[in-house]
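Just follow the structure's listing: the first ligand is 1, and inside any ligand the first atom is 1.
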Amino acid sequence: MLNARIATEHWHVTYFEWTADVEVGHAQIDEEHKRMFALAEAVVEPLFFSADQQPKEAPLQALIDFTRVHFAHEEELMRASAYPEAESHARYHASLVKELETYCARVRGRSNTNPAGLVAYLWNWLVVHIHSADRELGEWLASH
Ligand SMILES: [Fe+2]
Ligand SMILES: [Fe+2]
């Protein structure tokens, strides 16, 4: 009885939950980061509710595509405000895109991706950059 109830209950867990802790203080950048959280959530969420633990092509591609758009926006903000770290920040972006594409190419063909491992990977991929380079950029944009 107890087992049956646990099995049928709908559990909703948010893996990429947006919190104020992740804000960098620039409205457009924060909105776009929020969207990246939602896109990352869309990649991992189905894996926890299906027997087939292969990440789907469409949400992975949506995350990569919007990441490129977001990075281009940040790079435009850096140029427009003559940000001194623009070049190294853009290089960091390029390496993040490359890394995500490599990672996605690896998980694409697999039927047994470890969902928790994918969450941990994407979480680090997303949040380490936000807490370092994007936070510094947010501070610059607030004062220039
Ligand atoms: Fe960003
Ligand atoms: Fe950035």
Side-chain angles (χ1 to χ4, degrees), residues 5-144:
R5 202 171 72 234
I6 289 170
T8 54
E9 198 170 331
H10 181 73
W11 284 12
H12 187 81
V13 179
T14 304
Y15 302 95
F16 289 87
E17 188 165 14
W18 177 264
T19 63
D21 188 49
V22 196
E23 276 177 15
V24 302
H26 184 277
Q28 182 192 352
I29 293 176
D30 284 330
E31 270 315 304
E32 292 183 0
H33 287 164
K34 208 177 273 188
R35 184 169 161 84
M36 289 170 84
F37 269 59
L39 289 166
E41 183 73 14
V43 169
V44 302
E45 212 253 356
L47 303 181
F48 289 88
F49 296 98
S50 70
D52 156 31
Q53 296 191 324
Q54 183 172 357
K56 299 287 175 278
E57 178 61 25
L60 277 176
Q61 195 57 53
L63 176 61
I64 293 172
D65 291 347
F66 186 70
T67 294
R68 288 181 183 282
V69 169
H70 167 64
F71 286 174
H73 286 164
E74 279 188 6
E75 286 159 29
E76 186 49 46
L77 288 166
M78 291 192 256
R79 268 192 297 276
S81 66
Y83 184 49
E85 302 299 322
E87 209 177 297
S88 67
H89 194 139
R91 271 202 305 274
Y92 193 165
H93 284 166
S95 76
L96 287 172
V97 168
K98 203 168 176 187
E99 194 195 314
L100 185 62
E101 282 181 332
T102 303
Y103 187 86
C104 289
R106 271 201 292 128
V107 297
R108 253 170 204 148
R110 279 189 208 166
S111 54
N112 278 304
T113 302
N114 167 10
L118 183 60
V119 171
Y121 170 78
L122 284 178
W123 178 266
N124 279 315
W125 177 84
L126 190 55
V127 172
V128 170
H129 180 75
I130 292 176
H131 278 312
S132 57
D134 287 353
R135 192 166 296 288
E136 282 172 30
L137 174 60
E139 282 164 17
W140 172 268
L141 292 172
S143 56
H144 289 80

Where the side chain of E41 meets the backbone of E17, is there a donor-acceptor pair that is under 3.5 Å apart?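 No; judged by distance alone, with no hydrogens or angles, the pair does not exist.
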Backbone N/O of W140 and side chain of H144: donor-acceptor pair under 3.5 Å: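 Yes, H144 side chain to W140 backbone: donor-acceptor pair under 3.5 Å.
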Are L100 and L122 close enough that some pair of their side-chain heavy atoms sits under 4.5 Å apart?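 They are in contact (side-chain heavy atoms under 4.5 Å apart), so the answer is yes.
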With sequence neighbours left out, write down each residue that passes side-chain contact (heavy atoms from CB on, under 4.5 Å) with W18, or none if nothing qualifies.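 Once residues adjacent in sequence are excluded, the partners of W18 under the side-chain contact (heavy atoms from CB on, under 4.5 Å) criterion are V22, E23, D30, H33, K34, F37.
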Ring-plane angle category for H93 and H89, please: parallel below 30°, perpendicular beyond 60°, tilted otherwise.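 Perpendicular: the ring planes of H93 and H89 meet at over 60°.
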The Fe ion (ligand 2): protein N, O or S atoms [distance under 2.8 Å]: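 E74 OE1, H89 NE2, H93 NE2, H129 NE2, D134 OD1, with waters left out.
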Pairing of E75 and R79 as salt bridge, 4.0 angstrom limit: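 No, this pair does not count.
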